[in-house]
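Below is one structure, written out as structure tokens; comments come after it.
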4 protein chains.
Amino acid sequence: MHFFSDNATPISPAVMAAIAAADQADHGYDGDAWSARLDGAFSALFDTPVSTPVHALWIATGTAANSIALACLCPPYGGVICHEEAHIVVDECGAPGFFTHGATLMPLPGEGAKLTPDIVADRLKAIRPDVHQVPARAISITNATEYGLVYSPDEVAALGELARAHGLGFHMDGARFANAVAHLGCAPADVTWRAGVDALSFGCVKNGGMIGEALLFFGEQAAARAAEAKRWRKRSGHLFSKGRYLAAQILAMVEGDLWLANARAANAAARALAGGAAGRLLHPVQANELFIRLSADEAALLRAQGFDFYDWGEGAARLVTNWAQDAASVAPLAQALKALTDG
Amino acid sequence: MHFFSDNATPISPAVMAAIAAADQADHGYDGDAWSARLDGAFSALFDTPVSTPVHALWIATGTAANSIALACLCPPYGGVICHEEAHIVVDECGAPGFFTHGATLMPLPGEGAKLTPDIVADRLKAIRPDVHQVPARAISITNATEYGLVYSPDEVAALGELARAHGLGFHMDGARFANAVAHLGCAPADVTWRAGVDALSFGCVKNGGMIGEALLFFGEQAAARAAEAKRWRKRSGHLFSKGRYLAAQILAMVEGDLWLANARAANAAARALAGGAAGRLLHPVQANELFIRLSADEAALLRAQGFDFYDWGEGAARLVTNWAQDAASVAPLAQALKALTDG
Amino acid sequence: MHFFSDNATPISPAVMAAIAAADQADHGYDGDAWSARLDGAFSALFDTPVSTPVHALWIATGTAANSIALACLCPPYGGVICHEEAHIVVDECGAPGFFTHGATLMPLPGEGAKLTPDIVADRLKAIRPDVHQVPARAISITNATEYGLVYSPDEVAALGELARAHGLGFHMDGARFANAVAHLGCAPADVTWRAGVDALSFGCVKNGGMIGEALLFFGEQAAARAAEAKRWRKRSGHLFSKGRYLAAQILAMVEGDLWLANARAANAAARALAGGAAGRLLHPVQANELFIRLSADEAALLRAQGFDFYDWGEGAARLVTNWAQDAASVAPLAQALKALTDG
Amino acid sequence: MHFFSDNATPISPAVMAAIAAADQADHGYDGDAWSARLDGAFSALFDTPVSTPVHALWIATGTAANSIALACLCPPYGGVICHEEAHIVVDECGAPGFFTHGATLMPLPGEGAKLTPDIVADRLKAIRPDVHQVPARAISITNATEYGLVYSPDEVAALGELARAHGLGFHMDGARFANAVAHLGCAPADVTWRAGVDALSFGCVKNGGMIGEALLFFGEQAAARAAEAKRWRKRSGHLFSKGRYLAAQILAMVEGDLWLANARAANAAARALAGGAAGRLLHPVQANELFIRLSADEAALLRAQGFDFYDWGEGAARLVTNWAQDAASVAPLAQALKALTDG
């Protein structure tokens, strides 16, 4: 049983069925019937006022969604406040720099890969308002974070407030947004636009999709930003000629509650593992990732029992659960972990 | 029956089956078993010496394949010789400028969207070799061309010779490469690396795939260029986390002869239509596209009979056939066209 | 006596004196007393309403001024309508592509390197308003043109009207703006902001300066664009730490009428040469450049008499006059040209 | 008497004389007699083997020199190891990101703005060699550093060794290179190419020049990199049309020992101030900058006596001496500082 990554898992059967159902002739690019439903589906999901509907685009990957969002929020001479462990900093080979034409990431520390208003405010204060220094123009956070922690609506709103006060765009990398919402039990709107978020990378692939994430824009400037994002999508080679196959997957996720059901299953599996790993946890377990202390010998022992996962530096490991698991299915690993500890 | 575009068609059943077969757990990105087979499959198809295997990457779209190829062949201060009707010039919203960081497209005229050595040589001669002028660094051609014509191996080789003599990289946009080879009946190698081509965008989606083209590098510098292309692929948000679903489609195309069978069907359909459109053809029909003279009244008449297609300026239309058609299935339109002419 | 280029000439004594006068301690970058006078000096020269003052920056070179202007008028996915012989197209090694992050130059033909509204309107009409095609976002013209012709206020206004109607920014490359105004005898405002020009590269170096051109923004958006231009200037390494030496040169030009006096002298010299070159002129002579038919033997003969100039392709030559000449000083060449013709 | 910055000072008389001497007709750009002497002058100064001469370009500003150097050493998807207080990080508005097309600066801590091999080695070790992470491709150091410290030849060589071992380009920002060499008393070669430096931004403006720094390339790849740098220089609008006025300034500096004489004077002035500021120094004084503890009241007192300088955060100040000063001329401030302490 593998715990490498949620992207190593097969795709959700309902998503596969949606792909099959979309296998018809229709107009190319995003001129098809499925793509046309995206704005509406997300406006419903995010409970937005009719006057400011969500503008939604399918996008190839999370990296592309993040980068295109940032390109719409930050000029080339601007900076993006973010966490030093953020995916955009450490795992995208400089993609934000490519899409923004050289904007500067401004990485900050923070427990569990979370930004706090104090740390952000201090960084903003340190920037001289002259042409020699890069001005901050956006904040980007990840929810759930790279260490599996979840920002609450209040925490997001505090950063959103700071963004608004300084005229910064506010982006949320939601590669595991479903896991965050499943943990919070709140309305998706509460932790996004109601908290000041301007753009959301809404992840589907880690949550059971095959290919395709959604990029969402909220608020007054949503229409203008989405229009620009469509230019970036084309210009960066991301306008698929058979876009209906991406749109269909996303709709399968969000027109019902598949996105939440899948995330709840993965989260439950993670909680079950956390129960077995008491005393080993490097971070609280809130979404579907565990970071645990694990010696090389212990790791070898678990692998010998058929559990696959990645090391996380020396003496530690990362375990990622996925939509196809639940508390019951991961019980063997939970027990094996417990057995390690109990000796 | 629609003749809008080959991308408006459903996907080939064998490709769909390959997707289903790949729906298993495996490593993410291109660390999976399917992706690992690409170099070998294309080396076999292109009959390359063991010492210079093809280096192959799955890529989201043709636009991305073209742009990444050009980024590997041309520096930001260089120029790309191409046809003024090339897809990279008129249909990619400046994507080559994005990926090459501002390299200059150098569009040239030419019958049927084909470049000729004379026209290219004249353009090269006109460039002063000082720092004030953009130096040509690559040639890009499309085979089959945007007007459905096919470059023969000799024609490609003549341009390849010119490229080598001037130290230029040589790229072929093969969005409809299968249709070109089906028309020529030659070995794929004859019209590519044996004729001097360094990089090929190998199209699958217009030919029955769902998502995913292949980008191939040939020759001595293939390994270095492919390594760089992998950086560009990641950096531009094109490294899918479940790459096996793209690799599986491409393998389904090229490990057997599905790619050729599909293209032959589409070409046969186009020939059948050409038979009915005698006297109307704006260009010879060699692949799967027809450009015909057609008055507004005639177009309306055809549409009333259930045939859908795009106008091509005033008094003309474009008809694109696809893998799911053949001579028999398009006979009704062929007859309708003939009837228009015969009155 | 050389006619290579106006940049091969020494600098105007008044400019040298201004440099010496500025050789004092003052704040760095553009925080000095001279730089602070630029906006006012140009507002006076261009007779602008107090509500929309000219915003002026010193800039290293004409290439930089042009490129930064375009970066402020055109997004990376946009296009710039221009003449196919424009300096930005043929003599800047792709600088506009660098500064605009890959925007597309859209070169058009036109007699004497002049754009006409008809040709521009046709090009605009041919662009499909979808995301696949690059949208035009700016027009750039050169006054005087690369062939020494001058746009009249009416001609500029006609293009300005077109720009406004299509929402395009309007840039004028004025490397030889002084020569144009000297020829026209109009107010500088008449051929710029009153005719719809948004940004002007105001040339000084060809007209007797040492280092430093001015970039001017006009109209409602001038302040915002100039603020952005200051970011581009710093970011592209053009914010000199001793900016007072550039500002002083520019002020020496424009606080009096040195700029016009110098240009009149060069224009007069050109007219004198044109008188001697009757029957040889490839273009009307309106500014300080002549393009003449001249055989290789004739060119050799002139060079043997001590006249230096560049060939302009086969059987032609370019002669550029400069601020340090006038009708009298170039009389020897005028006579030599006449002698060639008269045999 | 001002201690704002070395760029607030008038230019060195010998430089002014050189400008006047260059005020003649000559070919444009870098086709003149002065520009042609640069490679030779720097090869002599840096005592390089005939087989690997220095390739030298005049460049507008230090920011441009640094950025163009980095563009020649690091691909867009690469990273540049540097100090977190480096000018390229904090004072260039993202210029390196602009010129490198989005390469990533990798800022590291270090006493006195100096990098140490240990800190660099640790950073390199932490980069995973996969396509997801930005690979380091260059190291950039500043000598003298932003806090006025000087790297010795051994210290540079240790970093050069590390660079070579990891295949990284090695750049030195020498905005105050003259002050560093004046302090070290070594041969310029010892602290540059003999220590592994590939590219040097050789500062002139802070040391008495008006406009123009030199960018130098050393070693086997120098010719190829300089050729590329000339493309970048043109493409970024830095190829002045009257380049002789820049070349002449640089030659005035380096064909004799003006560059060292000026730096020695500034360093001596700084040492004299340091003598008066005993107990207040935040960093050792090795070049021409002092960072001292100074209360707001003390600062006010000094300013009341006519000494101008910048605050450096709360309770501190920066004093920069320049070529036009020496120990004697700054004695009044040295005494005033001493008086503050002695009470």
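So you know, we letter chains A, B, ... as the sequences are listed, proteins then strands, and number each from 1. In what follows, every heavy atom counts, from backbone to side chain, and hydrogens, waters and symmetry copies are set aside.
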Under 4.5 Å between any side-chain heavy atoms of [X] and [Y], yes or no?
{"X": "A/K206", "Y": "B/K242", "result": "no"}
{"X": "B/F240", "Y": "A/V205", "result": "no"}
{"X": "A/L239", "Y": "B/T61", "result": "no"}
{"X": "A/Y29", "Y": "B/N7", "result": "yes"}

Is it the backbone or the side chain of [X] that comes under 4.5 Å from a heavy atom of chain A, or both, or neither?
{"X": "B/M210", "answer": "both"}
{"X": "B/S241", "answer": "both"}
{"X": "B/F4", "answer": "side chain"}
{"X": "B/I19", "answer": "both"}

Mind ranking B/A95, B/G209, B/G243 by heavy-atom pairs under 4.5 Å with chain A and telling me who comes out on top?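 Heavy-atom pairs under 4.5 Å are most numerous for B/A95.
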Identify the two heavy atoms, one from B/F98 and one from A/S236, that lie closest to each other, and give their separation to 0.1 Å.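 Closest approach of B/F98 to A/S236: CE2-CB, 3.6 Å.
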Nearest heavy-atom neighbours spanning B/Q24 and A/P10: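 Scanning both residues completely, I find the closest heavy atoms to be C-CG, 3.7 Å.
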Option passing side chain to side chain contact (heavy atoms under 4.5 Å, CB included) with A/T63 (candidates B/K234, B/H238, B/R235):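 By the side chain to side chain contact (heavy atoms under 4.5 Å, CB included) criterion, A/T63 pairs with just one of B/K234, B/H238, B/R235: B/K234.
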